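Remember, predicted model here, so these are calculated numbers, not experimental data.
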Amino acid sequence: MRLKRTVTCGQLTTKNIGEEVILNGWVAKNRDHGGVIFLDLRDRYGKTQITFNPDLDAKMADRAKRLGMEDVIAIKGMVTARPGGNVNANLPTGEVEVIVSELEVLNEAEPLPFLVSDRESGNEELRLEYRYLELRTSELQNFMKIRSRTYQSARRLLNAEGFMEFETPVLMKSTPEGARDYLVPSRIHQGKFYALPQSPQTYKQLLMIAGFDKYFQIVKCFRDEDLRADRQPEFTQIDIEMSFIDQDDIMGLATRVTQGIFKEVLDYQLPETFPVMDYHDAMEIYGSDKPDIRFELPLIEFATYAEKTEFSVFKDNLAGGGRVKALILKNAADHYSRKILDELTEWLKTYYGLKGLAFIKVEQGAFAAGISKFFSAELQTEIIGNLALKDNDIMFFVSDDEARTLQALGALRIELAKRENLIPETDIKPLFVTNFPLLDWDEDSQRYIAMHHPFTSPNPEDIELMTSDPGKVRARAYDLVINGYEVAGGSIRIHTRQMQSRMFELIGMDEEEANARFGFLLRAFKYGAPPHGGIAFGFDRLIMLLAGTDNIRDVIAFPKTTSAASLMDDAPSFVDEDQLRELHIKLME
RNA sequence: GGGAUCGUAGUUCAGUUUGGUUAGAACGCCGGCCUGUCAAGCCGGAGGUCGCCGGUUCGAGCCCGGUCGGUCCCGCCA
């Protein structure tokens, strides 16, 4: 190219008036007045108005007339103050314009499938097909800048803490405990497969055994599971592991890293320490292991009152080991018509398997509507007094088995908060959730499965329970939760062969199977494994919070759709017979 | 695996409730006018397999069945 830029499109101000400059960029807009022609020239640094005047060069003005949106051009010209009254206050460069003396058209663009100036001008399917165009929009340019700054910030902070950065294999052994693996067939080893890592878990533990006591990696992870608004099949973690530490050390580090990132990327000051909540309390009070604590609206234990009602649903559920919990919305009963209550009920039935949603409203100091007739006058007075209910309050009740009650009411808590505008959108409220159960009973396979992963250390106080009541054993595991998103999760690991074998036993994995799958790790434990533990940040979710978006696709340059496809390059796709033959693979009909 | 919802000019949408002649608007595109705009303005034009397949009907963008694709959710995500 002939005209190489001397400045970017975002930097010219009145200070540059009188300078001759060269700009390169995309035509963002062409405003042709018949005589004078204004173009907005855009690059990732900003926009600058360039002006063609036929009085100065009629031929060039004619060429400028033909320039269309997203053409790539280079211009040389003089930085000039805009005439009085023509300043654009919305643009940092709005006080100046460049009067063009030379024009080089670097590449013309065809008519566009949607407007780069307006992200909403194309639906998502189309934008994903032309993702490189969507990435030109100011919104995604900004998200990618935040992402880039966050990489740098994380690296700087961890480096300052004395961590070493590593890379671990992407082609690894399949370990079919946990999420479904993405498999890669081996050409050389007929019939054998590599797996893409769900996380570099075992490698980082082996690096601890190797003596690299502070490890980190910004790493892609792959999980072949169904997608959500905050889940992609390939996603990025800031993976961290440390030796000779305890849970508090990891939580402290995670706190400092999170604070540092929010400070450096957003100049947002998070609290000095993050609150710590028991898993049990999170479930009981918020109905979630990743509670959004930007607003209160706690779940209320209602069993003792429910016992005194005449409502058989409550009493039967309690008798059968189920639960009754409630939510109170203050001064909002008039927002909940029959129609809206029916919609909420239908939603809870459909998604959370509830049989119904009960409610009462408070009117003139007593219960009204819903299931109020099942409460005696004395009971109503008692509840109104104890729970400080006022007129126009509405109380929702969910009663089912424990898991369903907590999950459904937790979901209702969020839904009601949205409807009532109770969520301070700009707040950032982190907390740690700790003391997760070590094991989860799996009905399908009639055995315990590891809730976090099978390398998680049990709480030393609960070792006895491993024999007597495994379901009660707490894990030394912790999640960092921000605004209802699980942003990071980790644990103190098992570091002795004995304990690891015991854990495998508990989840019903016999020695042979354990050796086949994790023998390399078990063997390593025999040669001086230090106590260690770590945490992994869901990098994309962290960016979502920093960017203020609720969609993970917004913060990934080339994301996949809900069906794990890439609309731009059409992956996945069929491959040649030759390729399959080389891999010893035959497709089933 | 299941549920909900969407699919109509290049694009965003209206039209579907109640089936009926030529499927509209805006933006973009093309042409013309216009010398200070910044969502520039004014005039004109081109542009449609109503996602696809099948059915009902004298007649389907509209009704029915299926299918493909997008999104959101449940299951799943150690």
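Set against U71(B), G36(B), G28(B), the side chain of Q49(A) has G36(B) as its closest nucleotide. Candidate nucleotides G36(B), G70(B), C74(B) were compared by shortest atom distance to the side chain of A565(A), and G70(B) ranks first. Ranking U37(B), G1(B), C73(B) by closeness to the H33(A) side chain, first place goes to U37(B). Closest to the side chain of R231(A), from the set C29(B), G36(B), C76(B), is C76(B). Residue E125(A) places its side chain closer to G70(B) than to any other of U35(B), G70(B), C29(B). Listed nucleotides C38(B), U35(B), C72(B) differ in distance to D40(A); the shortest reach to its side chain belongs to C38(B). Candidate nucleotides U37(B), C29(B), C74(B) were compared by shortest atom distance to the side chain of P111(A), and C29(B) ranks first. In the set C74(B), U35(B), G36(B), G36(B) carries the atom at the smallest distance from any side-chain atom of R82(A). Closest to the side chain of L126(A), out of U11(B), U35(B), C76(B), is U11(B). Comparing C76(B), C34(B), U12(B) by their closest approach to the side chain of D32(A) singles out C34(B).
G24(B) and G61(B) have their C1' atoms separated by 13 Å, given to the nearest Å. One C1' atom belongs to U12(B), the other to C29(B), and the distance between them is 15 Å to the nearest Å. Rounded to whole Å, the P atom of U18(B) lies 33 Å from the corresponding atom of C73(B). Separation of the P atoms belonging to C64(B) and G20(B) is 15 Å when rounded to the nearest angstrom. The P atoms of G65(B) and C43(B) are separated by 47 Å, rounded to the nearest whole Å. Of the C1' atoms belonging to A26(B) and U8(B), the separation is 15 Å, rounded to the nearest Å. Of the P atoms belonging to G2(B) and C62(B), the separation is 26 Å, rounded to the nearest Å. Taking atom P in both C27(B) and G45(B), the straight-line distance is 15 Å, to the nearest Å.
Shown here is E511(A), whose CD atom has no more than 12 heavy atoms of other residues, nucleotides or ligands within 6.0 Å. Within a 6.0 Å sphere centred on NE2 of H33(A), heavy atoms belonging to other residues, nucleotides or ligands number more than 12. Residue-environment remark: CZ (R63(A)) exceeds the threshold of 12 foreign heavy atoms within 6.0 Å. For CD of E108(A), the number of neighbouring non-hydrogen atoms (other residues, nucleotides, ligands) closer than 6.0 Å is 12 at most.
Nearest-nucleotide positions on RNA chain B place L112(A) closer to the 5' end than the other of Q198(A) and L112(A). Looking at which nucleotide of RNA chain B each of N90(A) and P454(A) is closest to, the 5′-most match is held by N90(A).
Between Q407(A) and G75(B) there is a side-chain polar atom (N or O) within less than 4.0 angstrom of OP1 or OP2. Residue T350(A) places none of its side-chain N or O atoms closer than 4.0 Å to OP1 or OP2 of C73(B). Applying the 4.0 Å criterion to OP1 and OP2 of C27(B), one finds that K29(A) has every side-chain N and O outside that range. For the OP1/OP2 pair of C27(B) and a distance below 4.0 Å, the side-chain nitrogens and oxygens of S121(A) include no atom meeting the criterion. At least one side-chain nitrogen or oxygen of T562(A) sits closer than 4.0 Å to the OP1 or OP2 atom of C72(B).
Put simply, the side chain of W347(A) does not reach to within 4.5 Å of the side chain of L357(A), judged on heavy atoms.
The distance from atom CE of M60(A) to atom P of U35(B) is 18 Å, rounded to the nearest whole Å. Note: CG (N30(A)) to P (G31(B)) measures 12 Å, nearest angstrom. As rounded to whole Å, 15 Å separates atom P of U35(B) from atom CG of L56(A). If you take CE of M69(A) and P of A40(B), they are 9 Å apart, rounded to a whole angstrom.
Note on L115(A): only backbone sugar-phosphate atoms sit closer than 4.0 angstrom, heavy atoms only; bases stay farther off. Using a 4.0 Å heavy-atom criterion, one finds that N551(A) contacts the sugar-phosphate atoms exclusively. Residue-level contact check: R553(A) touches the backbone only, with heavy atoms under 4.0 Å from sugar-phosphate atoms and none from bases. Looking at heavy-atom distances under 4.0 Å, K47(A) makes no contact with the nucleic acid at all. Heavy atoms of S199(A) sit under 4.0 angstrom from at least one base atom. Backbone-only engagement by Y352(A) is indicated by non-hydrogen atom pairs under 4.0 Å involving sugar-phosphate atoms exclusively. Among the heavy atoms of the strands, none lies under 4.0 Å from R180(A). Counting any heavy atom pair closer than 4.0 Å across all strands shown, P113(A) reaches sugar-phosphate atoms only and no base atom.
For N123(A) against G7(B), a side-chain-to-base donor-acceptor contact under 3.5 Å is absent. A donor-acceptor contact under 3.5 angstrom links the side-chain atoms of E97(A) to the base of G36(B). On a pure distance criterion of 3.5 Å, no polar donor-acceptor pair joins the side chain of R31(A) and the base of U35(B). Judged by distance alone, with hydrogens and angles left aside, R223(A) brings no side-chain donor or acceptor close enough to the base of C76(B) to form a pair under 3.5 Å.
Comment: E134(A) engages R131(A) in a salt bridge, judged by a side-chain N to carboxylate O separation of less than 4.0 angstrom.
Look at G10(B): its Watson-Crick or wobble partner, with both distances under 3.5 angstrom, is C27(B). Base pairing analysis places C72(B) opposite G3(B); the two distances defining the Watson-Crick or G-U wobble pair are each below 3.5 Å.
Between F222(A) and Y182(A), the ring planes are perpendicular. Angles over 60° get that label, and only those under 30° would be called parallel. Between F525(A) and H532(A), the angle of the ring planes lies from 30° to 60°, which puts this pair in the tilted group.
With hydrogens and angles left out, the side-chain atoms of T168(A) and Q217(A) include a donor and acceptor closer than 3.5 Å.
The aromatic ring of F38(A) sits over the base of U37(B), with ring centres less than 5.5 Å apart and planes inclined by under 30°.
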